[in-house]
Amino acid sequence: MSAFDYIIHPRWIVPIAPKNIVLENHSLAVKDGHISAICPQSEGRFLSAGEHIDLPTQALLPGFINAHGHAAMALLRGYADDYPLMTWLQEHIWPAETEFVSEEFVKSGTDLALLELIRGGTTTFCDMYFFPDVTAERADFAGIRAQLMFPIIDVPTAWAADPESYLAKGLALRDRYRGHDRVEIGFGPHANYTVSESTLARVATLANELDAPIQIHLHETRGEVQMSVENIGERPIDQLARIGLLGPRTQCVHMTALANEDMALLATSGAHVIHCPRSNMKLASGICPTQRLLNSGVNVAIGTDGAASNNRLNMLAELQSAALLAKLESGEATAISAATALEMATLNGAKALGLDAITGSLEIGKVADMIAISLDEPSHQPINNVLSQLVYATAGTEVTHSWVSGAPLMTDGQVISLNSETIYAEASQWRQRLHSFNPNHATPEEHAAQ
């Protein structure tokens with residue numbers, strides 16, 4: 001019997017922990033879905049294993065953790081571009097969702113998103129959308145790791161009629177996936193401007209009793225913060241702190257409009273920030289002060305947001321944007337180094353989701369959630385610094401292999417569990433239905449002239 005299930009021999013291993021380390025010509029061994037050994041290839045090639053996998057041009061690193069998104073909204077990619085946030089939501093996205101969101105819509109959209117996520121190197125994703133039961137089933141089928149936040153909002157939707165219904169359905173789904181090795185269900189109150197304080201307070205109580213994760217859109221724009229001050233007399237983050245919703249299991253998404261006291265409150269509470277740079281830039285929502293947050297002791301992870309506001313679900317593109325944007329925002333070229341950007345997209349994401357004990361870095365004993373990225377393109381040469389090449393020189397399409405809990409999701413660029421032809425055909429059908437719903441969908445220029 002072999003000592004290991006398989007051993008990978010890449011050109012480089014980027015373990016993330018310790019930080020800023022690259023191991024060249026080392027091997028990584030997997031047994032029963034866990035990382036069992038990391039050693040020089042001169043030793044690893046002679047160890048007993050069911051399979052030896054050579055990756056001579058690849059860097060092996062932990063899979064990316066996409067800490068915020070709305071997977072099914074992949075079907076709305078390009079549907080309403082070049083609008084500010086509230087116009088985009090109220091006049092385009094919400095009407096389309098009211099018309100079309102269903103189990104069928106979520107199934108097709110989630111499959112499309114999962115195909116893109118896996119190809120882009122995501123091995124864990126956090127999602128907030130309607131019909132999370134369908135998303136959970138598709139994630140389980142695809143073999144990816146998922147933390148799904150069931151939506152909570154004060155308006156009726158196709159999934160639930162009122163806050164009580166959202167909570168009842170969500171809690172039942174959490175019970176259904178209790179003990180699942182790859183799928184966890186948490187609370188997803190949309191925002192303080194769409195969820196009443198009484199409901200937010202109940203979420204805080206339930207999440208505390210269940211030790212469950214919470215994700216909420218927070219301080220996404222300056223307008224949102226000002227609206228909160230005008231309506232309830234305090235900033236959104238202060239309201240969450242007052243009612244007990246801000247804590248170590250809270251994931252605060254966007255956080256572009258922050259004062260120093262907000263950052264101090266985040267650090268004191270232990271809450272996490274999920275940075276979505278490309279979506280925030282596209283919607284002109286603002287810039288999250290990531291380096292200042294990190295300096296304050298706040299954990300900052302990275303998410304793509306949904307494809308309707310990005311328009312990609314590619315974490316290589318996202319962490320590159322995060323690194324470059326931080327330098328522009330701070331005026332410091334040293335802000336968010338390549339090593340830090342990779343950490344934000346992996347181990348920091350695991351910390352935000354409460355999964356850092358099992359994933360987020362390549363360490364012995366952790367589950368084998370891994371990806372291989374090829375560095376053999378002209379844009380990668382010469383390879384003076386592997387970390388810099390991964391962050392600044394990749395196009396986002398260089399991921400060749402992916403594993404979750406040691407099981408392969410993608411081999412040689414081919415996703416194993418999903419049928420791309422079927423997924424593309426379903427996406428095309430939804431495009432036709434969306435176009436029929438609004439055949440005269442106005443461009444931003446036409447909208448301004450109306």
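Note that the numbering runs from 1 along the sequence shown for the chain.
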Report task. For His272 and Pro248, indicate whether the former's side chain and the latter's backbone hold a donor-acceptor pair under 3.5 Å. Result -> yes
Query - Side-chain heavy-atom pair Thr250, Ser269 within 4.5 angstrom cut-off - result: no
**Report entry** Beyond-backbone contact of Thr411 with His401, side-chain heavy atoms, under 4.5 angstrom
**Finding:** yes
Query raised in the report: Is Lys282 paired with Asp81 through a side-chain N to carboxylate O contact shorter than 4.0 Å?
Result: yes
Query - Any donor-acceptor N or O pair under 3.5 Å, side chains Tyr83, Gln90 - result: no
Query - Gln251 side chain to Gln147 side chain, donor-acceptor N/O pair below 3.5 angstrom - result: yes
Query raised in the report: Can we say Lys107 and Glu137 salt-bridge, meaning some charged N sits less than 4.0 Å from an Asp/Glu carboxylate O?
Result: no
Query raised in the report: So Thr359 and Lys366, side-chain contact (heavy atoms from CB on, under 4.5 Å) or not? Walk me through it.
Result: CA-CA 6 Å; Thr359 190; Lys366 286 194 172 184; 5.6 Å; no
Query raised in the report: Between Arg292 and Glu329, is there a side-chain N and carboxylate O pair less than 4.0 Å apart?
Result: yes
Query raised in the report: Hey, does Pro163 have a side-chain heavy atom less than 4.5 Å from the side chain of Asp154?
Result: yes
Query raised in the report: Of all heavy-atom pairs between Ser279 and Asp305, which one has the smallest distance, and what is that distance?
Result: OG-OD2, 2.8 Å
Requested in this report: Answer yes or no: does atom CZ of Arg242 have more than 12 heavy-atom neighbours from other residues, nucleotides or ligands under 6.0 Å?
Outcome: yes
**Report entry** Aromatic centroids of His217 and His219 separated by under 6.0 Å
**Finding:** no
Query raised in the report: Would you call Lys351 and Glu343 a salt bridge, using N to O less than 4.0 angstrom?
Result: no
Requested in this report: Might you work through the side-chain contact (heavy atoms from CB on, under 4.5 Å) test for Val14 and Ile373, ending with a clear yes or no?
Outcome: CA-CA 11 Å; Val14 181; Ile373 298 177; over 6 Å; no
Query raised in the report: What heavy-atom pair brings Asn280 and Gly286 nearest, and what distance separates the two atoms?
Result: CB-O, 3.4 Å
**Report entry** Expected output: side-chain Gln291 to main-chain Ala335 donor-acceptor under 3.5 Å
**Finding:** no
Query raised in the report: Is any side-chain heavy atom of Arg145 closer than 4.5 Å to a side-chain heavy atom of Ser405?
Result: yes
Query - Phe150 vs Trp159 side-chain heavy atoms within contact, under 4.5 Å - result: yes
Query raised in the report: Got a donor-acceptor contact below 3.5 angstrom from the Arg222 side chain to the Ala257 backbone?
Result: no
Query raised in the report: Looking only at side chains, do Thr123 and Asp369 share a donor and an acceptor under 3.5 Å apart?
Result: no
Query - 4.5 Å side-chain heavy-atom contact, Phe125 and Leu114 - result: yes
Report task. Specify the closest pair of heavy atoms between Pro132 and Leu148, including all atoms of both residues, with the distance to one decimal. Result -> O-CD1, 3.8 Å
Requested in this report: Specify the closest pair of heavy atoms between Arg119 and Gly413, including all atoms of both residues, with the distance to one decimal.
Outcome: NE-O, 4.5 Å
**Report entry** Any side-chain heavy-atom pair of Pro213 and Met149 under 4.5 Å
**Finding:** yes
Query raised in the report: Given side chains that start at C-beta, do those of Val134 and Thr110 come closer than 4.5 Å, heavy atoms only?
Result: no
**Report entry** Closest non-hydrogen atom pair, Ala339 against Asn20
**Finding:** CB-OD1, 3.7 Å
Query raised in the report: Judged by atom type as modelled, is there a donor-acceptor pair below 3.5 Å linking the side chain of Arg249 to the main-chain atoms of Asp211?
Result: yes
**Report entry** Greater than 12 external heavy atoms within 6.0 Å of Glu421's CD
**Finding:** no
Requested in this report: Look only at the side chain of Ser228 and the backbone of Glu234, and say whether a donor-acceptor pair between them is shorter than 3.5 Å.
Outcome: yes
Query - Trace of the side-chain contact (heavy atoms from CB on, under 4.5 Å) decision for Leu347 with Lys19 - result: CA-CA 10 Å; Leu347 188 54; Lys19 184 175 180 178; over 6 Å; no
Query raised in the report: Do Arg77 and Asn311 get their side chains close enough for a donor-acceptor pair, meaning under 3.5 Å?
Result: no
Query - Presence of salt bridge, Arg174 and Glu209, under 4.0 angstrom - result: no
Query raised in the report: Counting only N and O atoms by type, is there a donor-acceptor contact under 3.5 Å from the side chain of Thr205 to the main-chain atoms of Ala201?
Result: yes
